[in-house]
Amino acid sequence: MRLMHVDASPKSSLSNSKMLSAYYVDLLKKQIPDLEIDYLDLSIDTPPHVSGDFAKATYTPASERTDEMKKVLEYSDNLCARVLMSDMLVFAMPMYNFSMPSSFKAFIDNLVRTNLTYNFLADGTTSGNLTRQKVIFITARGADLRPGLSPWAGMDALTPALRSPFAFLGVENPHFVDAQPLQFSDQTAREEALKRAYSELESIAKEWMS
Ligand SMILES: Cc1cc2nc3c(=O)[nH]c(=O)nc-3n(C[C@H](O)[C@H](O)[C@H](O)COP(=O)(O)O)c2cc1C
């Protein structure tokens with residue numbers, strides 16, 4: 001059993017999202033002692049942004065790529081292989097300006113690859129290849145954007161921005177644990193937000209193990 005654990009907060013031990021993702025991975029490790037963990041900290045190993053050369057190389061059929069094109073795609077090829085060989089994917093990040101940190105967007109831009117993570121079908125539709133992976137997104141938010149509870153809920157551009165590209169890659173029912181409010185609130189609200197997040201993580205871990 002192999003799990004890929006990806007963190008996107010640039011903070012170290014003080015990061016809420018890192019603390020929550022570590023807690024979740026530990027819950028799984030207790031259940032699966034020989035769980036193989038592939039850890040990626042996007043604030044240290046930040047994926048390259050899409051360049052003009054990348055845009056050209058990615059849509060050139062593999063058999064026609066020059067050595068230069070192959071080199072441009074190397075990081076992305078390697079990232080796709082790591083994700084495809086994982087059985088579980090744990091993605092954690094802070095909300096930045098209502099969406100994701102740019103490092104995680106670069107991660108997605110390197111992961112969505114024709115003939116690797118998705119295929120074009122004969123009828124012109126596409127089919128994603130991340131269908132067997134269990135996926136959880138853990139997000140930390142300073143404000144409270146909970147639907148129905150917060151006037152800010154409509155500003156949440158993070159959830160759909162994660163849901164869409166992964167649905168395109170075949171991830172149908174990812175789990176979301178959104179810890180909020182963790183910054184722009186009083187201490188009691190923060191403590192309750194963390195308590196809710198830990199409890200949701202415990203339920204999802206049980207579900208993954210059943
Ligand atoms: C640059 C920046 C932008 C942020 N934008 C938002 C935001 O749009 N909405 C929000 O609720 N919190 C926002 N926050 C607060 C963080 O999401 C919050 O502090 C979160 O807990 C940080 O997670 P981390 O500790 O894992 O880094 C922002 C923080 C920073 C540093």
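Every number for a ligand or one of its atoms is a count from 1 in the order of the listing.
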Item to check | Option set R190, M93, R141, Q183, criterion heavy-atom distance to atom 19 (O) of ligand 1, minimum | outcome: Q183
Checklist entry - To which of P181, S21, A140 does the heavy atom nearest atom 20 (C) of ligand 1 belong? => result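 Selected option, by shortest heavy-atom distance: A140.
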How close does the nearest protein non-hydrogen atom get to [atom], and which residue and atom is it?
atom                    : answer
atom 11 (O) of ligand 1 : A143 N, 2.8 Å
atom 31 (C) of ligand 1 : Y96 CE2, 3.7 Å
atom 13 (C) of ligand 1 : M95 O, 3.4 Å
atom 26 (O) of ligand 1 : S17 OG, 2.5 Å
atom 5 (N) of ligand 1  : N97 N, 2.8 Å
atom 21 (O) of ligand 1 : N16 ND2, 3.1 Å
atom 27 (O) of ligand 1 : S9 OG, 2.6 Å
atom 10 (C) of ligand 1 : G142 N, 3.5 Å

Checklist entry - S21 and H5: which non-hydrogen atoms are nearest, and at how many Å? => result OG-NE2, 2.9 Å
Item to check | Heavy-atom pair of closest approach, residues A153 and P147 | outcome: CB-CA, 3.8 Å
Item to check | Between CE on residue M1 and CD1 on residue I32, distance to nearest 0.5 Å | outcome: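 The distance works out to 5.0 Å.
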Next on the checklist: If we only consider heavy atoms of T139, is any one of them less than 4.0 Å away from an atom in ligand 1?
Outcome noted: no
Checklist entry - Going by the atom numbers of ligand 1, which of them fall below 4.0 Å from some non-hydrogen atom of F184? => result 12 (N)
Item to check | Residue L145 vicinity, atoms of ligand 1 by number, heavy atom under 4.0 Å | outcome: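 The list of qualifying atoms is 11 (O).
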Checklist entry - Partners of E36 by side chain to side chain donor-acceptor pair (under 3.5 Å), sequence neighbours excluded? => result R2
Checklist entry - Charged N to carboxylate O under 4.0 angstrom, R141 versus D156? => result yes
Item to check | Check ion pair E68-K71 (N to O, under 4.0 angstrom) | outcome: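 K71 and E68: not salt-bridged.
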Checklist entry - Do the non-hydrogen side-chain atoms of K134 and D87 ever get within less than 4.5 Å of each other? => result no
Next on the checklist: If you define the side chain from C-beta out and look only at heavy atoms, does anything of L40 sit under 4.5 Å from F107?
Outcome noted: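 Yes, close enough: below the 4.5 Å cut-off.
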Item to check | Nitrogen or oxygen atoms of P94 and ligand 1 under 3.5 Å apart | outcome: no
Next on the checklist: Side chains of D53 and S51: any donor to acceptor distance under 3.5 Å?
Outcome noted: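 Side chains of S51 and D53: no pair found under 3.5 Å.
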Checklist entry - Taking heavy atoms and a distance under 4.0 Å, where does W152 meet ligand 1: side chain, backbone, both or neither? => result neither
Next on the checklist: Would the distance check show the side chain of K18 and the main-chain N or O of S13 forming a donor-acceptor pair, the cut-off being under 3.5 Å?
Outcome noted: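 Not confirmed, K18 side chain does not pair with S13 backbone.
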